[in-house]
Amino acid sequence: MSTKVEMKDIVNLSQARWFVYPGSEIYGWLANSWDYGPYGSLLKENIKNLWIQAFVQKRTDMMLLDSSILLNPKVWVASWHVGWFSDPLIDDKNTKERFRADKLLEDLIEKLADKAWGLQAKYGVSNLIPESWSLEKQTEVMRWEKVKNPNTWEVWDWTDAKKFNLMFRTSQWVTEDSSSTIYLRPETAQGIFVDFPNVLRTSRRKIPFGVAQVWKAFRNEITPGNFIFRTREFEQMEIEYFCEPGKDLEVHAQWKNDCKNFLISTLWIKEENIRMRDHDQDELSHYSNATTDIEYKFPFGWWELWGIADRTDFDLKAHMSESKQDMSYFDPINNRKFVPYVIEPSVWLNRLFLTVLADAYTTDGEGENTRIYLKLDPKVAPIKVWVLPVVKKIGEDAKKVFTQLSEDFMCEYDEVGTIGKRYARFDEIWTPFCVTIDSDNFAKNKVTVRFRDSMEQEIVDLNELNEFLRKKMK
Ligand code: GAP
């Protein structure tokens with residue numbers, strides 16, 4: 001039996017089982033900041049490594065890059081982030097609370113359902129995507145429709161909506177004059193674009209090829225929330241795949257499939273919880289020819305998980321113009337020069353982490369016999385093997401088994417408590433295999449392997465143990 005998982009179940013589980021803690025908790029928390037605990041950080045590393053394996057290691061057309069968080073500020077001018085990377089901020093004059101006007105309007109449209117079409121004629125807007133409306137229009141609709149503050153449900157006294165740039169600013173030097181302003185990167189993508197000439201020159205790759213990058217990015221989100229779903233500090237996993245203009249839509253379609261397959265075949269995400277949504281023309285970003293979101297059915301509804309955008313030659317051309325450097329590619333076969341088009345699959349590691357937790361959360365049994373566990377693929381599980389001596393006095397032998405196994409797998413050694421309690425702990429943290437050492441079997445060079453999902457047991461020779469588990473993990 002599996003009941004519907006709620007967000008509070010995932011938050012509770014994460015905090016109780018060493019996955020995610022509130023950041024700076026002893027000082028009362030820094031709102032919306034989260035630390036990944038001992039099991040959380042391992043789980044996150046596993047997801048990241050599987051992504052690198054699938055999209056870099058197993059392909060002949062991909063490379064990895066690690067560019068700086070702090071880039072020359074001209075990068076963000078060229079990419080339009082300084083001028084355009086903003087959300088419409090609106091304040092409730094009474095409570096001083098801040099909201100995203102477009103999100104409040106989206107909620108209104110959802111509430112109006114079929115009647116929402118009336119807004120188009122009433123306010124002269126060409127679509128029902130508030131993000132694409134002008135700030136004046138968003139303010140007008142907020143006021144005339146008497147949109148309420150979602151926290152108080154009483155007040156609708158709004159300021160004018162204004163542009164709020166999402167980039168975190170800092171200073172490069174000791175003084176804080178504006179000439180020293182630099183930014184924490186809001187996406188890893190631009191680091192790949194500005195390194196494109198270096199990668200091309202040093203790797204001597206022929207197009208099509210791609211560059212992948214994982215690491216931190218920062219956005220001063222107006223309304224972060226839903227646990228680790230939307231945060232101000234996060235890890236992005238981005239690919240920029242360079243191709244010939246005209247072949248971009250075909251390559252885009254291929255990447256849509258590759259990303260979906262990764263979710264289903266590698267991370268074991270259930271197919272019924274995933275859907276693909278193509279952006280309408282009105283919704284496309286300024287740089288995009290086509291964009292598809294892979295959406296996941298989170299406990300709070302369908303939301304974007306992975307964006308796959310056809311960014312055309314917008315970024316490379318923008319950097320060519322700002323830096324005055326040639327970023328074009330010479331195609332030796334057709335003897336012609338062009339600026340490549342780019343397909344960008346972009347996903348946030350933290351959001352993928354939440355997806356994995358939500359999808360794997362399982363409850364079995366009823367009442368007192370309820371068993372809660374994460375049905376994780378062994379490849380993803382933070383600890384692969386839990387090693388325990390039946391009694392403490394054979395601990396030294398059990399530690400030898402731990403040493404043997406930890407050559408190949410992330411293991412945990414546990415000799416505290418009764419064997420039943422230790423099995424329960426092992427189930428709780430969702431370790432796929434448990435290896436028990438008892439003196440009779442150990443004298444014959446054997447140990448017992450217990451499988452988490454079936455709870456079945458098998459006696460295995462120590463010389464074959466690592467290989468046996470490796471095969472089971474596949
Ligand atoms: N380089 C393109 C880019 O950054 P984006 O649409 O801004 O595109 C891509 O973001 C993905 O990042 C989205 O699919 C979404 O899953 C995730 N995302 C965006 N903002 C986020 C935030 N503040 N916290 C967590 N994930 C976020």
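Note that ligands are numbered from 1 as they come in the structure, with each ligand's atoms numbered from 1 the same way.
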*For ligand 1, the portion of Q236 having any non-hydrogen atom under 4.0 Å away*: side chain

*How far does CD1 of I10 sit from CZ of F229, to the nearest 0.5 angstrom?*
12.0 Å

*Run the numbers for me: atoms of ligand 1, each under 4.0 Å from some heavy atom of F234, listed by number.*
22 (C), 23 (N), 24 (N)

_Measuring from atom 13 (C) of ligand 1, which candidate in E304, R311, E344, E221 has the nearest non-hydrogen atom?_
E304

_Within the 4.0 Å heavy-atom shell around E238, which atoms of ligand 1 are there?_
1 (N), 2 (C), 3 (C), 4 (O)

*Which residue and non-hydrogen atom of the protein lie closest to atom 4 (O) of ligand 1, and at what distance in Å?*
R219 NH2, 2.9 Å

*asked:* Give me the residue, atom name and distance of the protein heavy atom closest to atom 24 (N) of ligand 1.
replied: T231 N, 3.2 Å

*What protein heavy atom is closest to atom 18 (N) of ligand 1, reported as residue, atom name and distance in Å?*
W348 CD2, 3.3 Å

*asked:* Give the atom numbers and elements of ligand 1 that come within less than 4.0 Å of a heavy atom of G307.
replied: 14 (O)

*Hey, could you give me the CZ/CG distance between F353 and L43, rounded to the nearest 0.5 Å?*
4.5 Å

*Give a yes/no on ligand 1: does N350 have at least one heavy atom closer than 4.0 angstrom to it?*
no

*Which value, rounded to the nearest 0.5 Å, describes the distance between I182 atom CD1 and Q172 atom CD?*
4.0 Å

*Heavy-atom pair with the smallest gap, counting every atom of S14 and L357*: OG-CD1, 3.5 Å

*Can you tell me how far the NZ atom of K163 sits from the CG atom of L89, to the nearest 0.5 Å?*
13.0 Å

*Which of the atoms of ligand 1 are close to E187, meaning less than 4.0 Å from one of its heavy atoms?*
1 (N), 2 (C), 3 (C), 4 (O)

_How far is atom 15 (C) of ligand 1 from the closest protein heavy atom, and which atom is that?_
R351 NH1, 3.1 Å

_Are F85 and W76 an aromatic pair, judged by ring center distance below 6.0 Å?_
no

*asked:* Against ligand 1, does F229 come closer than 4.0 Å with any heavy atom?
replied: yes

*Just distances here: any N/O of L305 and N/O of ligand 1 closer than 3.5 Å?*
yes

*How far does CG of D310 sit from CG of N289, to the nearest 0.5 angstrom?*
4.5 Å

*Using a 4.0 Å heavy-atom threshold (strictly under), name the region of T188 that reaches ligand 1: side chain, backbone, both or neither.*
neither

*Is any NZ, NE, NH1 or NH2 atom of the basic residue among E145 and K111 found under 4.0 Å from an Asp or Glu carboxylate oxygen of the other?*
no

_Point-to-point distance, once rounded to the nearest 0.5 Å, from NZ of K375 to OG1 of T362_ = 6.0 Å

